[in-house]
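To start, the structure itself, in structure tokens.
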Amino acid sequence: MDKVRVRFAPSPTGFLHVGNARTALFNWLFARQSEGVFILRIEDTDIKRSASEYESRLKKDLCWLGLDWDEGPDIGGRFGPYRQSLRIDIYRSYTQKLLEEGKAYYCFCSLQELEKERKRAISLGKMPVYSGRCQAISLEEARRRVDAGEQAAVRLRTPEKGDIRYNDLVRGTLNFDLKLIGDPILVRSNELPAYNYAVVIDDSLMEITHVIRGEDHISNTPRQILIYKALSLTPPQFVHLSLVMGKDNTRLSKRHGATAIDQFEKQGILSSSLFNYLALLGWAPPEGEEVLTKNELVELFNLKKVSRSAAIFDYDKLHWINRQHIKELSSRQKAELAYPYLKESKLLPEKMTDAHWEWLEKAVESLIERVDRFSDLPEQFVKLFEFSPSRMEDKTKEELETDCALRVIYLFAEKISRLDSFDYDKFASLTHEIKRETGCKGKDLYHPLRVALTARDSGLDLDKFIPLVEKGAKLSFPKPLKNCSQRISEVLNFLK
RNA sequence: GCCCCUGUCGUCUAGCUUGGUCUAGGACAUCGCCCUUUCAAGGCGGCAACACGGGUUCAAAUCCCGUCGGGGGCGCCA
């Protein structure tokens, strides 16, 4: 079998979004697992909408996701250039050939005329198809008119009867009636190639073996096959992927949540998590194990097993997968990933000492399991830094005012004031004494202490909380961390 | 409107090619229980689907036909 060559061919008219990214990812996965070549080609023939900022954003996002290309703009390759705007001469030479052979013809119809015909066809309940009116104009006459400055597009002359069928790797045989396909535009009157034409020439010249793209291209495929035929070229294997939808079953868009790839990055979704989730959208691993690394996915992926029906993007599952991937990180990695969010929230200083990092590693290790993205971490850290008995909820405050609670807290305050240092071991022995002296135990003993130390009725285990607060109190933070003894005396003041 | 694609738990899916092993499996979400001084995490368990109607067959999620639903396309956009 020939070496697999696939391509991702975005037009630089917007950011890389989930749908495109998944198409790119499936192409990449297929290329890597078959030890083939993954090509990036920029389809920038729509000069009005294309912009180079988008191209660099696209490339940046692909890199972040870990989709590296073997041939493409900037890095080049044997089949360049990889930007369509640089290939205009190539298309032009093919056009001349088609025109001479009579396989294509100039069309002088105005946009208004065409629009009118289209509307009429629809109102008659028919598929709008170009009438073929300009087919009769001879090449000599057409050239004369073009030289005289008349605007003309170039159309492919297609057969009127019969059908076009092709095999789609995930959908099987697809059949299209030629009566419903008009003569497609090859070259627009501004002399730039139309999408269907440029794609065929590029895919063929770049020796693409498999065209893996979105389902929205299914109906372009017969037109493209017609172009391959006119050019005496062999079409590649086509693979049409179903589309990605939002919760309400409409095409995924901003109102469903994040859709641009860099938004996920900003939220603290690991690229390995998005990669993993995207691969699972429309495909399932044979053994059912869903949390997978890039390498495992390359190994297990099977293009033929891709689902034919549209899939809804599920943020919950993405988040769950992200959690699983975060767990695999080392403490240091977690801390480094968490830091920017915490610095941004003014919880951590600009300059971090070794002691800060050591503390942060422990803090993140304890708190990360309560969130599924790094962007949610600051609100967990706030619970550590913020201690204000006066802002306690009434319900929580009441829990402090029971008989047992009051006795426990006062006794604890008295005992802690006699210590010059505090840690969890000391906490354990104090509570042991308090239990003996007050007779309060279990929840009656621990819960008041939790509330007194945190001003909240839920949170970290105290064996994690106490060391964090005690060690943190010795470090400098934008907003200082109070130690246990400070906290208890504030609560006492508050209760008076 | 016309053409094309598609239809298994709320969601992603396994099973469908080669009917029986499917009282339809897994995962997310949800609910409950356990663990636990709280919350979270974790462990265990529950709820929950073959779109509908006809065939074919001893037997259909699996094959055939129809209906309905969802999506896409119908550009000198890509």
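The figures that follow rest on heavy atoms only: side chains count, while hydrogens, waters and symmetry mates do not.
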When all nucleic acid strands are considered with a 4.0 Å heavy-atom cut-off, which category describes S309(A): base, sugar-phosphate, or nothing?
sugar-phosphate

Check every strand shown and say whether G214(A) touches a base, only sugar-phosphate, or nothing at a heavy-atom separation below 4.0 Å.
nothing

Compare the minimum distances between each of rG7(B), rA78(B), rC12(B) and the side chain of L281(A), then state the nucleotide with the smallest one.
rC12(B)

Any base atoms under 4.0 Å from T45(A), or only sugar-phosphate, or nothing? Heavy atoms, all strands.
sugar-phosphate

Between H447(A) and D457(A), is a side-chain hydrogen bond (donor to acceptor under 3.5 Å, both in side chains) present by the stated rule, with each step listed?
CA-CA 8 Å; H447(A) 197 66; D457(A) 63 3; 5.1 Å; no

Quick check: H217(A) with Y195(A) (ring centres under 6.0 Å apart)?
yes

Between T221(A) and R213(A): side-chain donor-acceptor atoms closer than 3.5 Å
yes

Just call it for D177(A): base, sugar-phosphate, or nothing, with non-hydrogen atoms closer than 4.0 Å on any strand.
nothing

Can you check the M245(A) CE to rG72(B) C1' distance for me, whole Å?
8 Å

Return the polar atom pairs (N/O with N/O) between nucleotides 15-19 of chain B and the protein under 3.5 Å, or none.
{"from": "rG15(B)", "atom 1": "OP1", "to": "K305(A)", "atom 2": "NZ", "distance (Å)": "2.9"}

Is the distance between the ring centroids of H256(A) and F313(A) under 6.0 Å?
no

Name the closest nucleotide to the R251(A) side chain, picking from rG72(B), rU38(B), rC76(B).
rG72(B)

From C-beta outward on Y195(A), which listed nucleotide comes closest to its side chain: rU11(B), rA78(B), rU37(B)?
rA78(B)

If we ignore angles and hydrogens, is there a donor and acceptor under 3.5 Å between the side chains of Q96(A) and S93(A)?
no

Using the C1' atom on both, measure rA14(B) against rA49(B) and round to a whole Å.
13 Å

Got a list of protein N/O to nucleotides 2-4 of chain B N/O distances below 3.5 Å?
{"from": "rC2(B)", "atom 1": "O4'", "to": "G125(A)", "atom 2": "O", "distance (Å)": "3.4"}

In terms of side-chain heavy atoms of D46(A), which of rC12(B), rC77(B), rU37(B) is nearest?
rC77(B)

Working for side chain to side chain contact (heavy atoms under 4.5 Å, CB included), residues W283(A) and L297(A):
CA-CA 11 Å; W283(A) 171 79; L297(A) 287 162; 3.7 Å; yes

Complementary nucleotide of rC68(B), counting Watson-Crick and G-U pairs under 3.5 Å
rG7(B)

Under a 3.5 Å cut-off for both contacts, is rC63(B) paired Watson-Crick or G-U wobble with anything, and if yes, with which nucleotide?
rG55(B)

Watson-Crick/G-U partner (both atom distances under 3.5 Å) of rG1(B):
rC74(B)

Check: Q84(A)/D44(A) side-chain N/O donor and acceptor closer than 3.5 Å
no

Under 4.0 Å, heavy atoms only, any strand: does A284(A) hit a base, just the sugar-phosphate, or nothing?
sugar-phosphate

Could you point out which residue of Q324(A), H325(A), E290(A), K294(A) forms a side-chain hydrogen bond (donor to acceptor under 3.5 Å, both in side chains) with N276(A)?
H325(A)

Heavy atoms under 4.0 Å, any strand shown: does L318(A) hit a base, just sugar-phosphate, or nothing?
nothing

Taking atom P of rG10(B) as reference, at what distance in whole Å does atom CG of N249(A) sit?
14 Å

OP1 or OP2 of rG75(B) under 4.0 Å from side-chain N/O of R118(A):
yes

What's L449(A) touching, base or sugar-phosphate or nothing? Going by heavy atoms closer than 4.0 Å.
nothing

Would you mind reading off the distance between L462(A) atom CG and rU38(B) atom C1', rounded to a whole angstrom?
8 Å

From the candidates rU38(B), rA78(B), rG71(B), the one with an atom nearest any side-chain atom of E215(A) is rG71(B)

Would you verify whether the NZ or CZ of R155(A) falls within 45 degrees of the ring axis of Y105(A) while also being under 6.0 Å from that six-membered ring's centre?
no

Pair of N/O donor and acceptor under 3.5 Å linking rC5(B) base with R171(A) side chain
no

Pick base, sugar-phosphate or nothing for I312(A), based on heavy-atom distances below 4.0 Å to the nucleic acid.
sugar-phosphate

Which of the following nucleotides, rA78(B), rC12(B), rA27(B), is nearest to the side chain of A311(A)?
rC12(B)

Can the positive tip of R450(A) be found less than 6.0 Å from the middle of the six-membered ring of Y446(A), inside 45° of the ring normal?
no

Does R120(A) place a side-chain N or O at less than 4.0 Å from the phosphate oxygens OP1/OP2 of rG1(B)?
no

List the protein contact pattern of nucleotides 40-48 of chain B with one symbol per nucleotide (5' to 3'): B for base contact, S for sugar-phosphate-only contact, - for none; contact means a heavy-atom distance under 4.0 Å.
BSS------

The nucleotide from rC12(B), rA78(B), rG71(B) with an atom nearest the side chain of E43(A) is rA78(B)

Applying a 4.0 Å non-hydrogen cut-off, can you work out what L280(A) is touching in the nucleic acid: base, sugar-phosphate, or nothing?
sugar-phosphate

Under 6.0 Å from the ring centre and within 45 degrees of the ring axis: does the NZ or CZ of R41(A) meet both conditions for the six-membered ring of F8(A)?
no

rC77(B), rG7(B), rC12(B): which one has an atom nearest the side-chain heavy atoms of R188(A)?
rC77(B)

Between Y341(A) and F381(A), is the ring centre distance below 6.0 Å?
no

Base, sugar-phosphate or nothing for H217(A)? Non-hydrogen atoms, less than 4.0 Å.
base

